[in-house]
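In this text, all values refer to a predicted model and were calculated from it rather than measured experimentally. Count residues from 1 along the sequence.
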Amino acid sequence: MHELMRIETLRRLPPSIRASAIAAMAMPLKNRKTEDLERVRTFVNNAPLEQRILALPAIYANLDPLQIPDTSIFDMPPTPSSLAAVETINRGVVAVETILLVRNIPESVCSQIWSRVLPWAQFIELYHEHLFIVSSISDGSFYVKLLMLLDNLAQEVDTAQRIMSVPWFWFILGRSWSHLPTIVDKGNRKHVRFSLQYFFGEKPLADWRNTSEFLDGLGGGWSQLARSLILFIQETLPESDAALNAEAIYFLRSCLRLMGYLNMALTGSLQERFHLTLGLRQEVLSQGIIRVLSQAARCLSKSEDLDTGTVTVLRDCFNLVGFLVLSPSGSPKLPLAIEEGLLHALLACAGGPYAAAVHQHDYFTTYLVEWFPASLVDYKFLCALDKALNSSEVVDAVQSQHFKRSLVHKLWDKFMIIAKEYLDFSREFRGNRTSYRACDNLKCQKLDVKTAFRRCSGCRSFYYCSTQCQAIDWRAGGHRKTCLSFGSLLLSDKNDLSFDARQRSFLRALVHHDYKKARHRLLTDQTKFMTMNPGAEHLVLYEYLDGVPKITIESSQSYLLSDLVDRTEWRNNVARVHASCGRMRLDVVAMRETNGVAYFVIPMRVNTSLVHDRMVRAAEKLPPSAPVADPRYMAQVYQHMGAILSAAQDPSVVEIH
């Protein structure tokens with residue numbers, strides 16, 4: 001036995017408590033009294049730290065696991081033996097409560113203390129309702145104090161490994177974490193945070209058994225885990241936008257490692273730490289993790305010391321934000337990330353000491369070449385980007401000489417060239433958001449502001465200028481048979497998970513804006529298509545995949561739209577184009593989404609078939625087999641195009657999307 005555990009150590013205690021401490025170790029066991037150990041507990045609670053350790057022999061003697069009685073005594077009537085067992089339990093409970101108050105246990109006795117504390121702590125946690133200590137269990141103080149003790153014991157490497165090899169320990173860790181917000185004293189709260197973060201970064205959490213116990217201790221659900229994660233990160237960040245100090249970076253790194261290990265255990269993957277499982281991903285998104293991670297990245301970017309830990313945490317923040325905003329439920333969160341400083345963090349890193357380390361993982365390329373350009377069709381993203389670009393932090397970062405000399409400067413300039421036109425248009429849209437509609441009774445030619453129409457309550461996609469027009473389209477126009485098929489391809493509130501009303505209105509306006517810019521070429525290309533493909537239906541495809549719009553004329557049966565051509569709604573739209581006699585055209589928008597490309601139909605409606613009729617006449621007169629490069633053929637095309645363009649520019653011709 002270590003000399004610190006021997007009875008001789010008690011003789012160094014103050015005389016006022018020495019006798020009680022020695023009596024608490026009396027043999028045989030029946031001579032021991034709980035009152036003596038309670039006096040020792042009171043002394044330890046009030047004594048200076050250096051004196052508390054002197055009471056260790058009395059505490060250790062009453063933590064012998066062999067003294068834990070059979071639990072059947074809880075169901076027995078009082079007998080001398082059962083009363084003796086209850087007395088033993090009471091002493092064990094007091095001994096555990098007392099050992100939790102000792103903060104400076106030497107490494108040399110950590111292993112011995114752990115082997116005795118573990119069985120007694122498990123016994124108390126399991127049978128606390130019988131032991132009259134319900135309050136310390138329910139308010140979490142028992143778990144928190146136990147965690148702080150285990151943190152003390154874990155200073156000895158072998159003991160730390162033994163502690164973390166017990167699944168029940170992870171239950172204690174989770175339960176302590178769940179009670180962290182209830183700790184009022186700032187000193188104790190900080191101490192517990194240190195104890196938590198020490199174990200957060202340990203790999204045994206990647207073991208499913210340990211993770212299961214940890215989640216049970218935390219409360220058992222994704223919601224509680226997400227709430228605790230976000231709260232822990234929030235408490236790590238400074239109140240102002242100051243740089244993170246070394247302690248805060250250490251906390252943040254531990255929390256991100258915890259998330260990675262938990263996810264590894266839940267998914268069974270040792271590779272993708274931040275490809276969060278669906279339940280965890282949805283909860284952290286709903287509770288605002290994008291906001292706190294963006295703030296963390298912004299604060300990290302202000303750190304001036306080039307440190308491996310800082311770079312690692314910064315990469316993890318960018319990595320996790322990237323995964324979350326690219327997930328189906330996370331894509332609407334990218335504007336929020338911009339608002340909360342993600343753009344500033346990227347630009348500051350590009351011009352700071354971390355540039356090479358971050359650029360090595362292509363984060364700048366990923367954001368500035370892929371994600372940001374593809375998001376320029378998102379109205380909320382444009383608003384957030386516009387606001388961020390006018391902030392003093394972003395302006396200073398972009399104008400700094402370090403940034404102008406950085407590897408990212410050319411990527412940024414290229415992105416801004418693309419973004420400028422979108423930003424200008426979004427400002428124009430903000431100033432005039434009037435939305436137009438056409439009556440979906442194809443025999444009617446009315447085009448007007450949206451408020452002049454009423455929407456079909458079935459498909460929520462068709463609009464009518466009167467009940468008479470709705471009745472005509474219902475009976476004669478075939479809407480009775482096709483009503484329920486519409487809504488997923490057409491922009492409507494049926495796809496409101498992706499777009500709200502303002503985004504749908506913005507997309508229509510953007511498509512019309514780009515159509516007018518390219519109208520001359522598009523009318524020419526349509527005429528060529530009609531000439532070379534007599535009787536075939538065509539469409540205009542707007543591809544917004546990389547920021548630069550690509551607008552082409554395609555067949556309605558194009559292989560590019562192979563996912564659409566077999567859908568009932570698509571076939572019904574094509575049929576309506578044919579029935580419109582030139583007053584409706586299929587325009588299709590292709591946008592990048594998490595799992596590929598999403599397609600939406602935004603029909604162009606015209607109040608007259610004048611332009612279409614002239615293109616038909618031109619197509620009939622032009623030789624269909626002539627090569628496009630033939631000068632004589634092109635001369636005929638230009639001759640007919642004069643009449644077509646004249647019709648398109650006629651003030652009486654109204655086109656809307």
**Student:** Before you tell me yes or no, could you show the steps for His344 and Ser294 under side chain to side chain contact (heavy atoms under 4.5 Å, CB included), namely the whole-Å CA-CA distance, both residues' side-chain angles and the distance that decides it to 0.1 Å?
**Tutor:** CA-CA 9 Å; His344 169 250; Ser294 299; over 6 Å; no

**Student:** Are a donor atom and an acceptor atom from the side chains of Glu554 and His538 found within less than 3.5 Å of each other?
**Tutor:** no

**Student:** From Arg315 CZ over to Leu300 CG, what is the distance, rounded to the nearest 0.5 angstrom?
**Tutor:** 13.0 Å

**Student:** Counting N and O atoms only, with roles assigned by atom type, does the side chain of Thr312 sit under 3.5 Å from a partner on the main chain of Thr310, one being a donor and the other an acceptor?
**Tutor:** no

**Student:** Could Lys380 and Asp500 be called an ion pair, given the rule that one side-chain N must be under 4.0 Å from one carboxylate O?
**Tutor:** yes

**Student:** Excluding sequence neighbours, so at least two apart, what forms side-chain hydrogen bond (donor to acceptor under 3.5 Å, both in side chains) with Ser505?
**Tutor:** none

**Student:** Is the distance between the ring centroids of Tyr464 and Phe453 less than 6.0 Å?
**Tutor:** no

**Student:** Compare all side-chain heavy atoms of Glu537 with those of Leu586 and state whether any distance is below 4.5 angstrom.
**Tutor:** no

**Student:** Tell me, please, which residues at least two apart from His402 pass side-chain hydrogen bond (donor to acceptor under 3.5 Å, both in side chains).
**Tutor:** none

**Student:** Looking only at heavy atoms, which two atoms of Leu376 and Gly547 are closest? And how far apart?
**Tutor:** CD1-CA, 4.3 Å

**Student:** Restricting to non-hydrogen atoms, name the atom on Ile230 and the atom on Val284 that form the minimum distance, rounded to 0.1 Å.
**Tutor:** CD1-O, 3.7 Å

**Student:** With a 4.5 Å heavy-atom cut-off, do Val606 and Val611 have their side chains touching?
**Tutor:** no

**Student:** Is Asp587 salt-bridged to Arg585, going by a charged N under 4.0 Å from an acidic O?
**Tutor:** yes

**Student:** Main chain of Val654, side chain of Arg605: is a donor-acceptor contact present, judged purely on distance under 3.5 Å?
**Tutor:** no

**Student:** Can any side-chain N or O of Ser609 pair as donor or acceptor with the backbone N or O of His612 at less than 3.5 Å?
**Tutor:** no

**Student:** What distance separates Met259 CE from Leu280 CG, expressed to the nearest 0.5 Å?
**Tutor:** 6.5 Å

**Student:** Under the criterion side chain to side chain contact (heavy atoms under 4.5 Å, CB included), I'd like the reasoning laid out for Arg508 against Leu510: C-alpha separation, chi angles, the key distance, then a yes or no.
**Tutor:** CA-CA 5 Å; Arg508 290 190 181 96; Leu510 178 64; over 6 Å; no

**Student:** Is Phe232 atom CZ crowded by more than 12 heavy atoms from other residues, nucleotides or ligands, each under 6.0 Å away?
**Tutor:** yes

**Student:** Quick one: are the ring centres of Phe425 and Phe506 less than 6.0 Å apart?
**Tutor:** yes

**Student:** Report yes or no: does Arg298 contribute a side-chain atom to a donor-acceptor pair with the main-chain N or O of Ala348 at less than 3.5 Å?
**Tutor:** no

**Student:** Any chance you could measure Phe600, atom CZ, to Leu507, atom CG, to the nearest 0.5 Å?
**Tutor:** 8.0 Å

**Student:** Compare all side-chain heavy atoms of Glu543 with those of Val589 and state whether any distance is below 4.5 angstrom.
**Tutor:** no

**Student:** Between Asp396 and Ser392, do the side chains contain an N or O donor and an N or O acceptor separated by less than 3.5 Å?
**Tutor:** no

**Student:** May I ask you to check whether over 12 heavy atoms, not counting those of Arg455, lie within 6.0 Å of atom CZ?
**Tutor:** yes

**Student:** Donor-acceptor check, side chain of Arg583 to backbone of Val577, threshold 3.5 angstrom: yes or no?
**Tutor:** no

**Student:** If we ignore angles and hydrogens, is there a donor and acceptor under 3.5 Å between the side chains of Gln224 and Arg227?
**Tutor:** yes

**Student:** Any donor-acceptor pair under 3.5 Å linking the side chain of Tyr367 with the backbone of Phe318?
**Tutor:** yes

**Student:** Side chains of Pro603 and Leu490: does their closest heavy-atom pair fall under 4.5 Å?
**Tutor:** yes

**Student:** Would you check if Val395 and Asn390 make a side-chain contact, meaning some heavy-atom pair closer than 4.5 Å?
**Tutor:** no

**Student:** Work out which heavy atom in Arg430 is nearest to a heavy atom in Cys383; give both atom names and the distance.
**Tutor:** NH1-SG, 3.2 Å

**Student:** Run Gln282 and Leu285 through side chain to side chain contact (heavy atoms under 4.5 Å, CB included) and show every step you take.
**Tutor:** CA-CA 5 Å; Gln282 290 177 333; Leu285 281 169; 5.9 Å; no

**Student:** How many angstroms lie between CG in Leu256 and CG in Leu293, if you round to the nearest 0.5 Å?
**Tutor:** 6.5 Å

**Student:** Just to verify, what does Asp424 make a salt bridge (charged side-chain N to carboxylate O under 4.0 Å, His left out) with, not counting sequence neighbours?
**Tutor:** Lys420, Arg427

**Student:** Can you tell me how far the NE2 atom of His513 sits from the NE2 atom of His657, to the nearest 0.5 Å?
**Tutor:** 12.5 Å

**Student:** Excluding sequence neighbours, so at least two apart, what forms salt bridge (charged side-chain N to carboxylate O under 4.0 Å, His left out) with Glu393?
**Tutor:** Lys302

**Student:** Taking all non-hydrogen atoms of both residues, which atom of Ala590 and which atom of Leu541 are closest, and how far apart?
**Tutor:** CB-CD1, 4.4 Å

**Student:** Just by modelled atom types, is the Ser646 backbone N or O under 3.5 Å from a matching donor or acceptor in the Asp650 side chain?
**Tutor:** no

**Student:** Is there a side-chain contact between His479 and Phe462 (heavy atoms, below 4.5 Å)?
**Tutor:** yes

**Student:** What are the two closest heavy atoms between Thr236 and Ala248, and how far apart are they?
**Tutor:** CG2-O, 3.0 Å

**Student:** Charged N to carboxylate O below 4.0 Å: is that the case for Arg576 and Asp440?
**Tutor:** yes

**Student:** If you look at every heavy atom in Ser580 and Leu442, which pair is closest and at what distance?
**Tutor:** N-CD1, 4.1 Å

**Student:** Does Glu421 have more than 12 heavy atoms from other residues, nucleotides or ligands lying within 6.0 Å of its CD?
**Tutor:** no

**Student:** Is the CD atom of Gln234 crowded by more than 12 outside heavy atoms at less than 6.0 Å?
**Tutor:** yes

**Student:** For Ser466, enumerate each residue passing the side-chain hydrogen bond (donor to acceptor under 3.5 Å, both in side chains) test, keeping only those at least two apart in sequence or located in another chain.
**Tutor:** none

**Student:** Would you say Arg454 has more than 12 foreign heavy atoms packed within less than 6.0 Å of its CZ?
**Tutor:** no

**Student:** For residues Phe372 and Phe381, establish whether the separation of their ring centroids is below 6.0 Å.
**Tutor:** yes

**Student:** Working to the nearest 0.5 Å, report the span between CD1 of Ile602 and CG of Leu491.
**Tutor:** 4.5 Å

**Student:** Is a donor on one side and an acceptor on the other found under 3.5 Å between the side chain of Ser391 and the backbone of Lys387?
**Tutor:** no

**Student:** Do the side chain of Glu340 and the main chain of Ile290 share a donor and acceptor less than 3.5 angstrom apart?
**Tutor:** no

**Student:** Show your reasoning for whether side chain to side chain contact (heavy atoms under 4.5 Å, CB included) applies to Val369 and Leu411.
**Tutor:** CA-CA 7 Å; Val369 177; Leu411 295 179; 3.8 Å; yes

**Student:** For Thr482, does its backbone N or O pair with a side-chain atom of Ser485 as donor and acceptor, under 3.5 Å?
**Tutor:** yes

**Student:** Relative to Tyr463, does Arg437 satisfy both conditions: NZ or CZ under 6.0 angstrom from the six-membered ring centre, and within 45 degrees of the ring's axis?
**Tutor:** yes

**Student:** With sequence neighbours left out, write down each residue that passes side-chain hydrogen bond (donor to acceptor under 3.5 Å, both in side chains) with Asn573, or none if nothing qualifies.
**Tutor:** none

**Student:** Would you mind checking if Glu655 and Arg519 are paired as a salt bridge, meaning a charged N to carboxylate O distance below 4.0 Å?
**Tutor:** yes

**Student:** Check whether any side-chain heavy atom of Leu522 lies under 4.5 Å from a side-chain heavy atom of Tyr515, and answer yes or no.
**Tutor:** yes

